[in-house]
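Accompanying notes for the structure given below.
Lettering follows sequence order; numbering is per chain, from 1.
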Protein chains: 2
Amino acid sequence: MMNLDHTFAALADPTRRAILARLALGEATAGELASPFAISQPAISRHLKVLEDASLIARIRDGQHMRCRLLPEALKSANDWLAFYSRFWSESFDRLDEHLKQEGSDDE
Amino acid sequence: MMNLDHTFAALADPTRRAILARLALGEATAGELASPFAISQPAISRHLKVLEDASLIARIRDGQHMRCRLLPEALKSANDWLAFYSRFWSESFDRLDEHLKQEGSDDE
DNA sequence: ATGTTATATAACATACTCGTTAAATGATGA
DNA sequence: TCATCATTTAACGAGTATGTTATATAACAT
């Protein structure tokens with residue numbers, strides 16, 4: 001239901017990331033989301049379905065239009081997964097990393 | 001060279017995420033990385049190539065073995081991309097935080 | 001009802017992913 | 001050299017992804 005496989009796969013496409021960036025500014029209809037792109041409307045419709053299946057957006061019918069809005073939870077899950085690795089690029093880890101490298105090269 | 005498409009696509013596979021989790025504990029050879037998995041060793045070798053192409057790991061030959069280590073930069077890039085959206089899941093926390101401050105709570 | 005607009009679905013082509021098994025490469029060591 | 005171990009590459013198949021165009025559905029307006 002909020003699966004990291006689906007989340008990361010959905011984020012792997014630049015069109016979908018651009019759609020999310022647009023939705024960060026506020027809700028938009030499918031047509032508004034499609035207009036900046038050179039690809040066909042059905043292609044955008046399917047991107048929106050991928051994003052919806054990944055729980056990254058919600059789509060609700062609004063009369064003739066389909067209104068889309070960002071859902072934060074899946075992004076938060078992805079962020080949480082990545083945060084586990086933050087020590088690898090944080091400064092305090094750099095010192096530990098340096099230490100481990102010196103220790104390792106002595107053994108060989 | 002450190003492309004978000006490749007990074008997120010690489011992270012979309014659970015086997016590859018498990019490999020990264022293992023490498024967070026320290027360097028390992030291709031064989032060591034393959035052993036926990038039910039899939040064939042050539043399959044793991046290709047997962048390692050995907051991770052390498054995404055700049056998520058480095059592989060260096062070490063005699064008969066191929067030693068792998070985590071590279072943090074691509075993970076950091078993905079984290080940075082996601083961080084832009086953090087306001088969408090920290091908003092409610094911020095309101096709670098604001099509320100607690102108004103209550104004069106001095107916990108934590 | 002009919003036409004128009006907004007969006008989704010169907011059918012299709014192409015390409016990629018991920019697994020397999022078999023063969024090739026590279027390093028070690030008798 | 002020959003055998004063996006570690007790893008990659010090749011060849012293949014099944015399933016998935018992404019685009020297209022054509023058609024269907026849903027809501028709105030006349």
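Where A:Ala43 and A:His65 each meet DNA chain C at their nearest nucleotide, the meeting point lying more 5' is that of A:His65. Both A:Thr15 and A:Gly63 lie close to DNA chain D; mapped to their nearest nucleotides by heavy-atom distance, the more 5′-ward contact belongs to A:Thr15. Between A:His47 and B:Lys49, the one whose closest nucleotide on DNA chain D sits nearer the 5' end is B:Lys49.
One can place CG of B:Leu48 at 15 Å from C1' of C:dG19, the figure rounded to the nearest angstrom. Protein atom CG of B:Asp13 is 14 Å distant from nucleotide atom C1' of C:dC16, rounded to whole Å. Atom P of nucleotide C:dC16 and atom CG of B:Asp53 are separated by 13 Å, given to the nearest angstrom. Computed from coordinates, the A:Ile39 CD1 to C:dT14 C1' distance equals 16 Å when rounded to whole Å. If you measure from atom CD of B:Gln41 to atom C1' of C:dT25, you get 13 Å, rounded to the nearest angstrom. With rounding to whole Å, A:Arg46 atom CZ is found 12 Å from C:dA13 atom C1'. Protein atom CD1 of B:Ile44 is 15 Å distant from nucleotide atom C1' of C:dT17, rounded to whole Å.
Of all nucleotides in DNA chain D having an atom under 4.0 Å from a heavy atom of chain A, the first and last in 5' to 3' order are D:dT18 to D:dC28.
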- Item | side-chain contact (heavy atoms from CB on, under 4.5 Å) between A:Leu4 and B:Arg17, worked out | CA-CA 10 Å; A:Leu4 273 186; B:Arg17 289 199 304 277; 3.7 Å; yes
- Criterion side-chain contact (heavy atoms from CB on, under 4.5 Å) on B:Arg67 and B:Arg61, from CA distance to verdict: CA-CA 6 Å; B:Arg67 188 148 293 276; B:Arg61 185 160 278 286; over 6 Å; no
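Remark: B:Leu48 CG to B:Arg59 CZ distance equals 5.5 Å, nearest 0.5 Å.
With a cut-off of 3.5 Å on both Watson-Crick or G-U wobble distances, the partner of D:dT30 is given as C:dA1.
In this structure, A:Leu75 is a member of the same hydrophobic cluster as A:Trp81, with clusters built from ILVMFWY side-chain heavy atoms closer than 4.5 Å.
In this structure, A:Asp13 and A:His47 have side chains that are in contact, with non-hydrogen atoms separated by less than 4.5 Å. In this structure, B:Arg16 and B:Val50 have side chains that are in contact, with non-hydrogen atoms separated by less than 4.5 Å.
Of the possible donor and acceptor atoms, one in the side chain of B:Ser77 sits under 3.5 Å from a partner among the backbone N and O of B:Glu73.
Residue contacts for B:Arg67: at a heavy-atom cut-off of 4.0 Å it reaches no nucleic acid atom on any strand shown.
Partner B:Leu56 forms a side chain to side chain contact (heavy atoms under 4.5 Å, CB included) with one of B:Leu11, B:Leu23, B:Leu71 and no other, that one being B:Leu11.
DNA chain C lies under 4.0 Å from at least one heavy atom of each of the following residues of residues 18-36 of chain A: A:Thr29, A:Ala30, A:Gly31.
Centroid-to-centroid, the aromatic rings of B:Tyr85 and B:Trp89 stay 6.0 Å apart or farther.
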